[in-house]
Amino acid sequence: MIDAPTCDEIADGIYRLSTFVADLGPPAGMTVNQFLVLAEEPLLFHTGFRSMAAAVAAAVDRVVPLDRLRWISFGHVEADECGGMNALLGAAPNATVAFGALGCAVSIRDLADRPPHAVTDGDALDLGGRRVRFVATPHVPHNWEAQVLYEETTRTLLCGDLFTQVGRSRAIDDDVVTAALETQATLASAAPGPAVPAVLHRLTELAPETLATMHGASFVGDGASALDAFATGWEARFGGGIELSSRSAS
């Protein structure tokens, strides 16, 4: 059973649309979150599964009319990240997918019903009142084409699958690191070793004030310290390798 999305403003003009999916990431279930960035050209980060696209579109429309939605993006190519992409493109006639050039070349140009806008690492979109920067994170936490987005005005890091937490969650929590480390130990959704902590340490340079997490609660506060703590914890627990399983967080 899938709940209807909840809507919470986690930073100025940035809304978390959250759906709890009981049979995802068993046994505790997991939230699947989208983030709507309000601006002259609004952007939606993540679409959710194809099966929830109508509910996500309705949730977006309650915040901003769908014909005003200009951009759709996501962390990587996976059902919970972009399964609803074409349904959202159909519901939002003025929207374009913005994604990394590699991901566009290997997947999105073929999958998307409208041609995407390809970006490279470090490129930014001026949304009008907001500015999002694309940061390539290949293979972190998984997938070759992985990326995160950084909204510079509110200092919000749209984290994708980084900091994944299982179970129901509040919109914002003051400790996402402990739960994220426990989730990785259980689900093994990212490769062990130095790749993930290296990216986390690099992202601390952005000094985010909000960590917008795809699965689980978001974090508001000293984002650089949270990223550093997650990296340090990862190195201590998984840096030397863990036994991978067939289970996946997404």
Side-chain angles (χ1 to χ4, degrees), residues 21 23-33 45-46 49 73-83 99-100 102-103 106-107 121-122 134-150 157-169 173-208 210-219 221-250:
V21 182
D23 59 357
L24 184 65
M30 186 177 290
T31 59
V32 177
N33 304 324
F45 189 62
H46 297 140
F49 291 104
S73 193
F74 33 86
H76 53 267
V77 180
E78 198 170 17
D80 59 335
E81 311 272 339
C82 61
F99 196 59
L102 174 63
V106 301
S107 296
D121 185 31
F134 292 78
V135 182
T137 60
H139 305 290
V140 176
H142 42 247
N143 288 28
W144 189 20
E145 76 284 354
Q147 62 178 27
V148 298
L149 269 60
Y150 180 61
L157 184 65
L158 301 166
C159 295
D161 278 351
L162 293 172
F163 292 98
T164 286
Q165 309 143 49
V166 296
R168 293 184 182 270
S169 65
D173 202 321
D174 58 5
D175 179 13
V176 295
V177 172
T178 301
L181 289 170
E182 290 303 316
T183 297
Q184 173 61 16
T186 301
L187 298 181
S189 60
V196 171
V199 165
L200 294 169
H201 284 307
R202 176 162 59 92
L203 292 175
T204 63
E205 298 173 7
L206 297 172
T210 301
L211 303 175
T213 304
M214 164 73 167
H215 300 294
S218 295
F219 172 84
D222 186 349
S225 292
L227 287 159
D228 186 64
F230 192 29
T232 300
W234 186 285
E235 289 165 336
R237 297 186 65 171
F238 313 125
I242 60 174
E243 183 179 353
L244 294 176
S245 74
S246 61
R247 293 172 293 184
S248 172
S250 310

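Distance check: Leu200 CG to Thr137 OG1 gives 9.5 Å after rounding to the nearest 0.5 Å. Taken from OG1 in Thr178 to CZ in Phe230, the straight-line distance is 10.5 Å, to the nearest 0.5 Å. Atom-to-atom distance recorded for Leu149:CG and Phe134:CZ is 4.5 Å, nearest 0.5 angstrom. Here Glu182 contributes atom CD and Leu187 contributes atom CG; the two are 11.0 Å apart, rounded to the nearest 0.5 Å. Distance check: Cys82 SG to Phe45 CZ gives 10.5 Å after rounding to the nearest 0.5 Å. Atom CG of Asp173 is separated from atom CG of Leu211 by 12.0 Å, given to the nearest 0.5 angstrom.
A donor-acceptor distance shorter than 3.5 angstrom exists from the side chain of Thr204 to the backbone of His201, with no hydrogens or angles considered. At least one donor-acceptor pair under 3.5 Å links the side chain of Asp175 to the backbone N or O of Val177. In this structure, Asp161 contributes its side chain and Pro141 its backbone to no donor-acceptor pair below 3.5 Å. In this structure, Gln184 contributes its side chain and Ser189 its backbone to a donor-acceptor pair below 3.5 Å. The main-chain N or O of Phe74 is found under 3.5 Å from a side-chain atom of Gln147 such that the two form a donor-acceptor pair. No donor-acceptor pair under 3.5 Å is formed between the side chain of Glu145 and the backbone N or O of Gly100. The backbone N or O of Val77 lies less than 3.5 Å from a partner atom in the side chain of Asn143, making a donor-acceptor pair. In this structure, Thr213 contributes its side chain and Gly216 its backbone to no donor-acceptor pair below 3.5 Å. Although no hydrogens or angles enter the test, the distance criterion places a donor-acceptor pair under 3.5 Å between the side chain of His215 and the main chain of Thr31. Using a distance-only test at 3.5 Å, with no hydrogens or angles considered, no donor-acceptor pair links the side chain of Glu235 to the main chain of Pro197.
By the 4.5 Å heavy-atom criterion applied to side chains, Val21 and Met30 are not counted as neighbours. A 4.5 Å side-chain heavy-atom check between Arg202 and Val135 finds at least one atom pair inside the cut-off. Two residues are said to be in side-chain contact when any heavy atoms from C-beta on lie closer than 4.5 Å; Thr186 and Val166 fail this criterion. Residues Phe238 and Val196 fail the side-chain proximity criterion, which asks for heavy atoms closer than 4.5 Å. Leu203 has its side chain within reach of Leu162: a pair of non-hydrogen atoms, C-beta onward, lies under 4.5 Å apart. Using a 4.5 Å heavy-atom threshold, the side chains of Pro208 and Leu227 count as touching.
Here the closest heavy-atom approach between residue Phe163 and residue Cys159 is recorded as CD1-SG, 4.3 Å. Counting all heavy atoms, side chain and backbone alike, His76 lies closest to Ala146 at CB-CA, 4.0 Å. Ser169 and Ala217 get closest at one heavy-atom pair: OG-N, 3.4 Å. Arg237 approaches Ala185 most closely through the heavy-atom pair NH2-CB, 3.6 Å. Among all heavy-atom pairs drawn from Ala191 and Trp234, the shortest one is O-CZ2, 3.5 Å.
In this view, Arg168 and Asp3 satisfy the salt bridge (Lys or Arg N to Asp or Glu O under 4.0 Å) rule, not counting sequence neighbours.
When Val140, Leu158, Val199, Leu157 are each tested for a side chain to side chain contact (heavy atoms under 4.5 Å, CB included) with Val148, only one passes: Leu157.
Using cut-offs of 30° and 60° on the angle between ring planes, the pair Trp144 and His139 is parallel.
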Apply side chain to side chain contact (heavy atoms under 4.5 Å, CB included) to the pair His46 and Val32, showing each step before the final yes or no.
-> CA-CA 9 Å; His46 297 140; Val32 177; over 6 Å; no
